[in-house]
Amino acid sequence: MRDGEPLVRWVWIGDHLGELAHYTGVHLRLGLLPVLFGLIISIPLGILCHRWRWVYPPTLTAANVLYSIPSLALFMIFVRYTGLTERTVMIPLTLYTLSVLIPNVVDGLASVPDPVRQAATAMGFSTVRRVVQVELPIAVPVVVAGVRVAAVSSISLVAVGQLIGQGGLGYYITRGLQLDFPTPIITATVLIMLLALVTDALLVLAQRLLTPWARGKGAKA
Amino acid sequence: MNDLLNQIRLVGDWLTSSQQWRGDDGIPHRLTEHLTYSGVSLLFATLIGLTFGLLVGHTGRGAFAVASVANLARAIPTFGLVVLVVTLAGLSTTPVLVALVALAVPPILINTFEGVRGVDPDARDAAKGMGMTGWEVLLKVEVPMALPLILLGLRVAAIQVVATATVAAYPGLGGLGRFIVDGLARNDYELVIGGSTVVVALALVVQALFTALRHVVVSPGLRPSVRRS
């Protein structure tokens, strides 16, 4: 940092409001779409793992191994196949969400009390209808707890994608380093944190509205 | 398919060429740097996280503070934090280590706290009834029973630190990330993918080490409860 430089130059933030809003939008898209894709993959996989228990350990191990690969390395491996595009950021982030989402879907389904399951069957529900109308809704609080963890970490990981030019607000982090100018870095870092915290709070709210019967239990992040 | 084979061959060539195995740009030197950063920050983070986690878990005081720290810490973008620290404090090892420690403390702290707090109260009462002091209850009952969760926290922290030490190469620090960052800057794909392979291998070794450690130190009676990450 140059001497005499103020920590945050507010004028810079004022001048870049429009641009900041644009990159915030990109950042949110890059961070949240993978969670959505992750859910689309995890829910059927979770149902499968709940039904056939032997599928669960290998699936979970695979997801955990993927999760242990650093994001930068995973981005680089995908660059070869998808180029320097947003997909290169979103595919690894989607894979990361699986290691949180799959166990939560399975635990959520496992939290359904057996009498409830039997009651549904006794009322003549088919297996598919029972899973969709009874078990999944009861699993929602636990699943949302997983979504919270996935969304928060996904949003903060998007910035790393800036190393291949696709990082949303991460743009200001590399920019600030190149210019030796802390304001953009601080602004971007704080904005990313705020995005993550607001998303988390909104998900808590959504969970309360979606499942009023489960208030106060289940949702352990 | 052919492309994949080519890629594997490319990595193989890069890994086996003798040039990669000596000098300041060689794999051993970069790996040593990477392991030093990760190891030192993990050590400090473990000291801090375990101390406070055990304290809060055992006494039950400060639980709210721990939960708030956890929530906030998860939201911090690692890349932003590391670059910010370098821009503000200049490029040297210490500030980057501080950033890495800051990232590694929360998972260790939370898991230790949750683990100790989650110990069956009956077991705790029984220990007290047998005449154990507070310290003995902590060390002989609570820690062994919380061990699966504590190890899980350590594993998450270790993997995060190893991953973030990669990113630390971007503002000019050494470590395995250098291969990737330099390779990108020079448009040298062989370097990028070779470096990535080493990083992936290291991450998998860390994961395997913790799995092995869990088998060695966790009491057999507690094993089935460990399956979540």
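As the structure is a computational prediction, the values presented were derived from the model and not from experiment. Naming: A, B, ... by sequence-line order, numbering from 1 per chain.
Taking a 6.0 Å sphere around CZ of A:Phe78, one finds it holds more than 12 heavy atoms contributed by other residues, nucleotides or ligands. Open room surrounds CG on B:Asn187; 12 or fewer heavy atoms of other groups in view lie less than 6.0 Å from it. Atom CZ of A:Arg51 is surrounded by 12 or fewer heavy atoms from other residues, nucleotides or ligands within 6.0 Å.
For B:Ile180, the part sitting under 4.5 Å from any heavy atom of chain A is the side chain, from C-beta outward, and nothing else. A:Thr174 touches chain B through backbone and side chain together, each having a heavy atom under 4.5 Å away. Residue B:Ile110: no heavy atom, backbone or side chain, is found under 4.5 Å from chain A. Both the backbone and the side chain of A:Leu163 come within contact range of chain B, with heavy atoms under 4.5 Å apart. Within the 4.5 angstrom heavy-atom criterion, only side-chain atoms of B:Ile193, from C-beta onward, approach chain A.
The candidate with the highest count of non-hydrogen atom pairs below 4.5 Å against chain A, out of B:Leu81, B:Val162, B:Leu184, B:Val192, is B:Leu184. Counting heavy-atom pairs closer than 4.5 Å to chain A, the top-ranked of the candidates B:Ala67, B:Ala89, B:Gly80 is B:Gly80. The candidate from B:Leu202, B:Thr164, B:Val200, B:Val181 with the greatest count of non-hydrogen atom pairs under 4.5 Å with chain A is B:Val200. Among the candidates B:Ile159, B:Val198, B:Leu84, the residue making the largest number of heavy-atom pairs closer than 4.5 Å to chain A is B:Leu84.
When the heavy atoms of residues 36-46 of chain B are compared with those of chain A, none of the residues falls under 4.5 Å. Near-neighbour residues of residues 183-200 of chain A relative to chain B, defined by a heavy atom under 4.5 Å from a heavy atom of that chain, comprise A:Ile185, A:Ile186, A:Thr189, A:Ile192, A:Met193, A:Ala196, A:Leu197, A:Asp200.
Residue A:Gln178 holds its CD atom at 11.0 Å from OG1 of B:Thr87, rounded to the nearest 0.5 Å. In this structure, CG in A:Asn64 is found 11.5 Å from CG in B:Leu204, a value given to the nearest 0.5 Å. Of the inter-residue distances, the one linking B:Ser196 atom OG with A:Leu72 atom CG reads 6.5 Å to the nearest 0.5 angstrom.
For the pair A:Pro70 and B:Ala203, the tightest heavy-atom approach, listed with the atom from each and the gap, is CD-CB, 3.7 Å. Listed here is the closest heavy atom pair of B:Leu88 and A:Pro182: CD2-CB, 3.8 Å.
In this structure, the ring pair (Phe, Tyr, Trp, His ring centres under 6.0 Å) partners of A:His16, at least two apart in sequence or on a different chain, are A:Trp12.
Between A:Ser68 and B:Val206 there is no side-chain heavy-atom pair separated by less than 4.5 Å.
Applying the ring-ring contact (aromatic ring centres under 6.0 Å, His included) test to pairs two or more places apart or on separate chains, those with a residue in residues 70-99 of chain B are B:Phe79-B:Tyr170.
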